[in-house]
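Source: prediction; values computed, not measured. All ligand and atom numbering here is 1-based and tracks the order in the structure.
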Amino acid sequence: MPESSFDAATWSPGPGGSGTWPEALAGTLDPSRRSFVESANAPDADFPIRNLPFGAFSTDTLEPRLGVAIGDRALDLRNVVEAGLLEGLDGRIRCALSAASLDDLLALGRPAWLAARVAISRLLDADHAALRDRADRETFLPAIEDIRLGLPARTRDYTDFYASEHHATNVGRMFRPDNPLMPNWKHLPVGYHGRASSLVPSGTPIRRPHGQTVGPDGPPPAYGPVRLLDYEIEVGFLIGPGNRLGDPIPASRALDHVFGLAIVNDWSARDVQKWEYQPLGPFNAKNFATSISPWVVTLEALAPFMVDGPPRAAGDPENLPYLRHDRDIAIDLELEVAIASKTMRDAGTPATRVSLGNYREMYWSIAQMVAHHTSTGCNLQPGDLMASGTVSGPEESNRGCLLERTWRGENPVELADGTSRRFLQDGDEVVMRGWCGRGERRIGFGACTGIVDPAT
Ligand code: CA
């Protein structure tokens, strides 16, 4: 039996699982499955019944609670539990689904996540009458455009990695043309401890920060609004049960601790970064804001899109044993960045796509990042967020930040309003989207957006 191969057909739910999970999971992924929420059945819907991502929301009249996106609606989980529509679930799971954020559900682990998924999938199925035929059904399904989506969990720790070889090589080449990758890069997934307090949900305006920078002639530095403001498109993963201090998570069990994925924008001040980053890495260049898309797409929903990671090039070092596992999973996840200036938004002009990449290109896998993070015994806790680092690919059009995309500003990108960008300007909106598959297999992540406000 494979140690922990996350595959809809062969995956084992581990201790406590009933042994029938793979079949139950396969049922929720059936492309022929339809919901009575008609908008979920559109071929280009981000949130068909096969997806069922979790988020946290509130309205003027509803206190914060969890929801599951279905088409253009959010299933109000507290309301559903209180109405007795999920009575088949264990009481602890129903209690966790009634909470204001995902923390309690995250702590319960994969068998509980899968049980909740199966029950919610059934509740939303076109052939299931319990919710479908209720006269008050609309009260359980507020429109997503009418709710305020918040952070999905109370994240206490946030870690950012640097797992794309294309990104690390491109950035390294700008500063060290003959030696772009540091000697450690292919031996361990490089990362740094980020700042959880400045995580913000998609749609939160991003004020241009001040910082200490030096001009092209070098020191002395000056303090003022940063000039080289950038985005980085990354994939974030939300941690489930986690580990006790002192007990590393082996790579083969790492995905048991990953609830799901979201899109992350690691806003970056490049002029601050350049001056401050040596010798301890990024600090103020990254700590003023990190945006996250509100809907967390579970590994269950992503199971059909798990693929083998890129082969290691000849001459690359072999991984140390603690970084090896039986199937090095990547995810076939398309990632798009688009920019809309204020002029474009005022004129109703769609955002201009500036890059399109794919998460399957990443050198280090999610399991390896979790295993390396905990290899010292460092403890992960429910709700912790990790991010992959900028997702870039081999082509110029795959580069996931402006630093790379414009090559430090040498090759500006053109927007639909006729202006060009080396770095972000005040009023620019950055719109990131992600999706897997096409046609009847497609699922989406929705958007991660933010508008740059002027410095004050
Ligand atoms: Ca980053």
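The salt bridge (charged side-chain N to carboxylate O under 4.0 Å, His left out) with R270 is formed by just one residue from the set E276, E232, E404; it is E232.
Side-chain polar atoms of T419 and R421 form a donor-acceptor pair below 3.5 angstrom. At a cut-off of 3.5 Å, with distance as the only test, no side-chain donor of S198 or N287 sits close to an acceptor on the other residue.
A cation-pi arrangement, defined by a distance under 6.0 Å to the six-membered ring centre and an angle within 45 degrees of its axis, is absent between R195 and W267.
Rounded to 10°, the angle formed at the Ca ion (ligand 1) by OE2 of E234 and OE1 of E232 is 90°.
Considering just the N/O/S atoms of D160, the one nearest the Ca ion (ligand 1) carries the name OD2. In terms of distance to the Ca ion (ligand 1), the nearest N, O or S atom of D266 is named OD2.
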